[in-house]
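The next block holds one structure in the form of structure tokens; read it before the comments.
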There are 2 protein chains.
Amino acid sequence: MFHSDFPIFYLTVDVVLFAQRDGELAVLVVERGEEPYAGSWALPGGFVGDGEELVDAARRELVEETGIDGEGLALEQLRTFGAPDRDRRPHRVVSVAHLAVTRHAEAPTAGTDARAAVWLPVDEVAGRLAFDHDEILAHARERVASKIEYTQLAASFLPPEFTLAQLRGVYEAVWGHPIDPGNFQRKLRAAPDFLESTGASVKPAGGRGRPAEVFRACGRPFDRIGSPVLRSAM
Amino acid sequence: MFHSDFPIFYLTVDVVLFAQRDGELAVLVVERGEEPYAGSWALPGGFVGDGEELVDAARRELVEETGIDGEGLALEQLRTFGAPDRDRRPHRVVSVAHLAVTRHAEAPTAGTDARAAVWLPVDEVAGRLAFDHDEILAHARERVASKIEYTQLAASFLPPEFTLAQLRGVYEAVWGHPIDPGNFQRKLRAAPDFLESTGASVKPAGGRGRPAEVFRACGRPFDRIGSPVLRSAM
DNA sequence: GCAATAGTGTCTATTAGACATTATGGC
DNA sequence: GCCATAATGTCTAATAGACACTATTGC
């Protein structure tokens with residue numbers, strides 16, 4: 001027996017997609033083309049389809065609204081935002097927010113329902129988003145800062161092969177403070193299940209300097225690593 | 001403009017309520033009185049009301065189905081489970097799971113839609129729940145084990161005033177392994193923002209032995225503590 | 001006295017953090 | 001040679017873990 005007199009909901013997904021741009025943590029936002037909040041910045045997202053997995057909906061909306069290919073990017077549920085007054089529209093809209101990280105910070109292309117899609121530094125966009133998206137962004141920011149402590153997620157900001165200097169740059173961008181290069185080297189090289197050497201080495205960024213060893217992440221983005229890389233200890 | 005041709009959802013909340021019983025981690029489950037899964041164990045939960053906050057719905061369902069008073073218990077969103085086939089019924093039902101901890105492991109009273117409500121050791125109930133509730137329980141178990149590392153949540157398993165032996169018992173029950181009493185003392189006493197002494201002391205459990213100092217938690221359940229109490233380091 | 005539990009001391013091995021030093025390239 | 005970056009070494013302070021020891025109660 002199924003009661004059909006329970007309240008009905010519309011369900012959306014929103015995606016907080018982070019990347020590293022110019023040494024800063026950047027987030028992908030769209031300019032809304034429709035009411036409510038037309039003209040405001042918002043997180044990409046949209047309605048969950050019939051019979052669609054939540055995480056698949058997040059991936060699809062990302063492609064549709066921004067042209068960013070969701071294949072191969074680290075994507076995980078963040079939390080659900082369901083305050084009764086969070087959407088101005090007549091029906092109640094609950095959103096399952098997702099956290100994602102990409103190495104491809106290429107220019108997005110505005111798609112359906114969006115006038116524009118751009119990467120912006122998180123510090124610039126904080127406090128200026130539609131709906132409760134500022135709150136979602138704040139949660140996502142804290143989550144990613146926390147996740148890179150005990151998973152390999154930081155590597156998802158980089159190409160498959162990278163140097164320790166690049167990886168350190170990710171930690172610095174996410175945490176917002178500099179890290180001692182020497183200690184970072186030792187700590188990450190000692191971590192048992194994070195990095196594996198490719199044997200190759202590349203010239204450093206400026207062209208000058210000793211070539212750096214090239215590494216690969218040896219697991220999946222959200223896999224736990226043996227010894228955490230703690231914020232407090234960097 | 002609001003499109004009314006988007007899919008509609010039913011939204012439920014489920015609650016994983018943990019307590020400590022006989023030195024073990026116990027979870028509150030109900031025996032379902034209605035189809036689907038009538039007669040099976042399940043987590044307490046139910047449909048979110050019109051205009052109701054998600055966390056309030058979780059609290060309400062807990063009271064309705066088990067008689068457990070939701071006031072004053074640590075309750076937090078866990079994650080949302082929305083696989084298209086997770087409910088056998090015709091409409092899609094998405095559930096926002098919540099994690100809760102209580103010090104009152106008193107006998108629950110079966111309420112609406114439930115034939116019985118009982119506390120069971122988590123090890124006994126794992127693998128025997130309706131819907132995808134085994135998966136939810138597994139997530140909750142991992143979350144609580146993780147939360148007590150860097151918050152004061154462990155104190156929520158105990159009365160407002162407690163001894164370090166009692167608190168150690170909580171960690172042992174949740175993590176499932178014994179902890180050195182001496183080292184635990186030193187570690188927790190040194191933690192800057194977890195405990196405050198009441199000045200009182202009480203006789204130990206068996207009646208025999210040196211009286212133990214009585215403490216209070218000095219913050220809210222999910223507040224971060226300064227120096228984490230790491231599983232790996234206990 | 002003994003048993004039991006609370007709490008402290010001690011030693012070792014590991015680790016973070018600061019910072020100096022060496023290594024390897026471009027110019 | 002100089003400069004820049006990569007990588008290693010060194011020292012100190014803090015901490016986990018094992019375990020011995022002392023303290024305070026009931027019997």
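A, B, ... follow the sequence lines: proteins, then strands. Residue 1 opens every chain. Both backbone and side-chain heavy atoms feed into the values below; hydrogens, waters and symmetry mates do not.
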Starting from [atom2] on [N], measure out to [atom1] on [X] and report it in whole angstrom.
{"X": "Gln185(B)", "N": "dA16(D)", "atom1": "CD", "atom2": "C1'", "value": "16 Å"}
{"X": "Asp180(A)", "N": "dT10(D)", "atom1": "CG", "atom2": "C1'", "value": "13 Å"}
{"X": "Glu213(B)", "N": "dA23(D)", "atom1": "CD", "atom2": "P", "value": "17 Å"}
{"X": "Leu230(A)", "N": "dA16(D)", "atom1": "CG", "atom2": "C1'", "value": "14 Å"}
{"X": "Asn183(A)", "N": "dT21(C)", "atom1": "CG", "atom2": "C1'", "value": "14 Å"}

Find which nucleotide of DNA chain D each of Val214(A) and Gly182(B) is nearest to by heavy atoms, and output the residue with the more 5' nucleotide. Val214(A)
From the set dA6(D), dT24(C), dG7(C), return the single nucleotide nearest to any side-chain atom of Pro211(A).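 Minimum distance to the Pro211(A) side chain belongs to dT24(C).
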Sugar-phosphate only, base, or nothing, as touched by [X] at under 4.0 Å among non-hydrogen atoms:
{"X": "Ala205(B)", "value": "nothing"}
{"X": "Gly207(A)", "value": "sugar-phosphate"}
{"X": "Arg186(A)", "value": "base"}

How close do Glu213(A) and Arg189(A) get, counting heavy atoms only, and between which atoms? OE1-NH2, 3.0 Å
So, is the end of the Arg79(A) side chain (NZ or CZ) under 6.0 Å from the ring centre of Phe81(A) and within 45° of the ring's axis? yes
